[in-house]
Amino acid sequence: MKKLHVRKDDTVIILSGKDKGKKGKVLEVSPEEGKIIVEGRNIVTKHVKPRRMGEAGGIVKAEGALYASKVMIVCPKCGKPTRVAHKFAETGEKFEKKIRICKHCGDSL
């Protein structure tokens, strides 16, 4: 199983492609494929066939998947696109929790 630097509900900025420089919220993450779906970005058209009697078919617009390497997380505190650093939270227990932090401001993501 692969790990991604992006999680569901993160705000990201797109680094390349037709939506370069635009921000959006992550709706879905697929670690197996290394892809994510960003809300309102990478819109593709799908041809949908009617499945039931009386159901309408046609051309539908939907969000397409992007490779996770093409996006960067935006820090909620400083508002800058940032790389993700990891740090162990000091909980005082034997097993400490690993958290993600911003490389710029040091705040947790």
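Position 1 is the first residue of the sequence; numbering continues from there. Every value quoted in this text rests on a predicted model; they were computed, and no experiment measured them.
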Check: [Y] and [X] side chains under 4.5 Å, non-hydrogen atoms:
X: Val84; Y: Ile73; value: yes
X: Val74; Y: Val12; value: no
X: Leu66; Y: Val38; value: yes
X: Val26; Y: Ile37; value: no

### Task
Give a yes or no on whether a salt bridge exists between Asp10 and Arg100, defined as a side-chain N under 4.0 angstrom from a carboxylate O.
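Between Arg100 and Asp10 there is a salt bridge, with a charged N closer than 4.0 Å to a carboxylate O.
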Is a side-chain N or O of [X] found less than 3.5 angstrom from the main chain of [Y], in a donor-acceptor match?
X: Arg41; Y: Ile14; value: no
X: Lys80; Y: Cys105; value: no
X: Glu63; Y: Gly40; value: yes
X: Thr82; Y: Cys75; value: no

Would you compute the distance between atom [atom1] of [X] and atom [atom2] of [Y] and round it to the nearest 0.5 angstrom?
X: Glu32; Y: Lys2; atom1: CD; atom2: NZ; result: 9.0 Å
X: Asn42; Y: Ile36; atom1: CG; atom2: CD1; result: 10.0 Å
X: Ser69; Y: His5; atom1: OG; atom2: NE2; result: 8.0 Å
X: Leu109; Y: Ile101; atom1: CG; atom2: CD1; result: 8.0 Å
X: Ile99; Y: Ser108; atom1: CD1; atom2: OG; result: 5.5 Å
X: Ser30; Y: Tyr67; atom1: OG; atom2: OH; result: 10.5 Å

### Task
State, to 0.1 Å, how close His104 and Pro81 come at their nearest heavy-atom pair, and which atoms those are.
NE2-O, 3.3 Å
### Task
Could you pull out the closest heavy-atom pair between Lys35 and Ala65, with the gap in Å?
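Taking every non-hydrogen atom into account, CD-CB, 3.9 Å.
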### Query
Is the number of heavy atoms from other residues, nucleotides or ligands within 6.0 Å of NE2 (His86) greater than 12?
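Yes, because the 6.0 Å sphere around NE2 of His86 holds more than 12 heavy atoms from other groups.
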### Task
Answer yes or no: are there more than 12 heavy-atom neighbours, outside Lys97 itself, under 6.0 Å from its atom NZ?
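12 or below, so no.
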